[in-house]
2 protein chains.
Amino acid sequence: MTDGQAAAVLGALADPTRLAMLRHLVRAGPEGAAAGTSAEAVGATPSRASFHLKALERAGLVTCRRDGRSMIYAARMDALGAVISHIVDDCCAGSPALRACCR
Amino acid sequence: MTDGQAAAVLGALADPTRLAMLRHLVRAGPEGAAAGTSAEAVGATPSRASFHLKALERAGLVTCRRDGRSMIYAARMDALGAVISHIVDDCCAGSPALRACCR
DNA sequence: GTCATATTTCAACTTTCCTTGTATTGTTGA
DNA sequence: TCAACAATACAAGGAAAGTTGAAATATGAC
């Protein structure tokens with residue numbers, strides 16, 4: 001993973017609304033949650049929620065599938081892990097102090 | 001740590017130049033490195049380097065002290081750990097899959 | 001004090017991002 | 001087919017961030 005790619009993912013995470021949405025999706029589990037549900041969970045208008053969910057999807061942090069009238073978004077834990085690994089292992093030279101934070 | 005605070009730190013990380021500078025500072029160790037040295041290491045002009053180092057400092061990711069004519073910046077591993085902890089523990093419900101990435 | 005070095009600050013410009021409201025697409029059930 | 005609903009797409013406005021180059025500040029050497 002290049003710094004540019006990592007920066008793009010971190011940029012997607014660098015917003016309180018998106019952080020809240022991602023948390024909601026992680027708690028929803030592999031099943032995911034409908035866009036409207038996430039919107040309501042974080043107190044965002046549908047349009048705004050769609051904008052931020054798309055940003056998360058572009059960054060590869062969530063997947064999207066249609067289920068009837070609803071769009072179901074689900075968190076991609078592997079992508080989240082990849083960017084954390086980039087910071088911890090590559091960027092921060094695998095600092096023991098940093099690794100300790102994850103335990 | 002609130003989502004807003006975490007987002008601010010993640011925003012500071014969400015830039016390839018800053019990611020490269022932070023890596024350089026981490027490798028420099030607790031001693032830190034002069035602003036000019038970091039600038040040269042990542043191929044940035046002094047002005048641009050100063051701008052990004054200040055951004056990292058505002059986010060609490062680096063410290064700054066003067067040594068003669070040079071400004072010495074040093075990475076704050078604890079701050080880096082805190083934001084990773086926020087994502088791993090709080091935001092992502094301590095997902096075992098995510099924790100595994102840090103080991 | 002004067003000069004050179006190291007870094008920061010500033011202003012101007014460009015680009016990107018976030019929000020809001022409205023229009024549009026896709027889906028379901030009558 | 002038509003009406004209702006869920007979500008997205010689009011455009012406009014304003015705010016924030018990054019880049020550049022020139023000027024300013026702080027420090028050390030002479």
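Throughout, a chain's letter reflects where its sequence line sits, starting with A, and its residues are numbered from 1.
Note that CD1 of I87(B) and CG of D3(B) are 10.0 Å apart. Values are rounded to the nearest 0.5 Å. Between atom CZ of residue R23(A) and atom NE2 of residue H86(B) there is a gap of 5.5 Å, rounded to the nearest 0.5 Å. The distance from the OG1 atom of T63(A) to the CD atom of E57(A) is 8.0 Å, given to the nearest 0.5 Å. Between the CG atom of L22(B) and the CG atom of D15(B) there is a distance of 11.5 Å, given to the nearest 0.5 Å. The CZ atom of R18(A) sits 6.5 Å away from atom CZ of F51(A), with the distance rounded to the nearest 0.5 Å. Rounded to the nearest 0.5 Å, atoms NZ (K54(B)) and CE (M71(B)) are 5.5 Å apart.
Considering only heavy atoms from C-beta on, L25(B) comes within 4.5 Å of L53(B) through its side chain. No side-chain heavy atom of L13(B) sits under 4.5 Å from any side-chain heavy atom of L13(A).
For the pair H52(A) and dT19(C), the criterion of a side-chain N or O lying under 4.0 Å from OP1 or OP2 is met.
The stretch residues 3-24 of chain B touches DNA chain D through D15(B), R18(B), each having a heavy atom within less than 4.0 Å of the strand.
Contact detail for A74(B) and P30(B): the closest heavy-atom pair is CB-O, 3.9 Å. When all heavy atoms of A6(B) and V83(B) are compared, the pair lying nearest together is O-CG2, 4.1 Å.
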Nucleotide N/O of nucleotides 8-10 of chain C paired with protein N/O under 3.5 Å:
from   : atom 1 : to     : atom 2 : distance (Å)
dT8(C) : OP1    : Y73(B) : OH     : 2.4
dT8(C) : OP2    : S50(B) : OG     : 2.9
dT8(C) : O5'    : S50(B) : OG     : 3.3
dT9(C) : O4     : S47(B) : OG     : 3.1

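Residue A34(A) is in sugar-phosphate contact alone, with no base atom involved, counting any heavy-atom pair closer than 4.0 Å across all strands shown. Nucleic acid contact class of A39(A) (heavy atoms, under 4.0 Å, all strands): none.
Mapping heavy-atom proximity under 4.0 Å, the span of DNA chain D touched by chain B runs 5' to 3' from dG18(D) to dG28(D).
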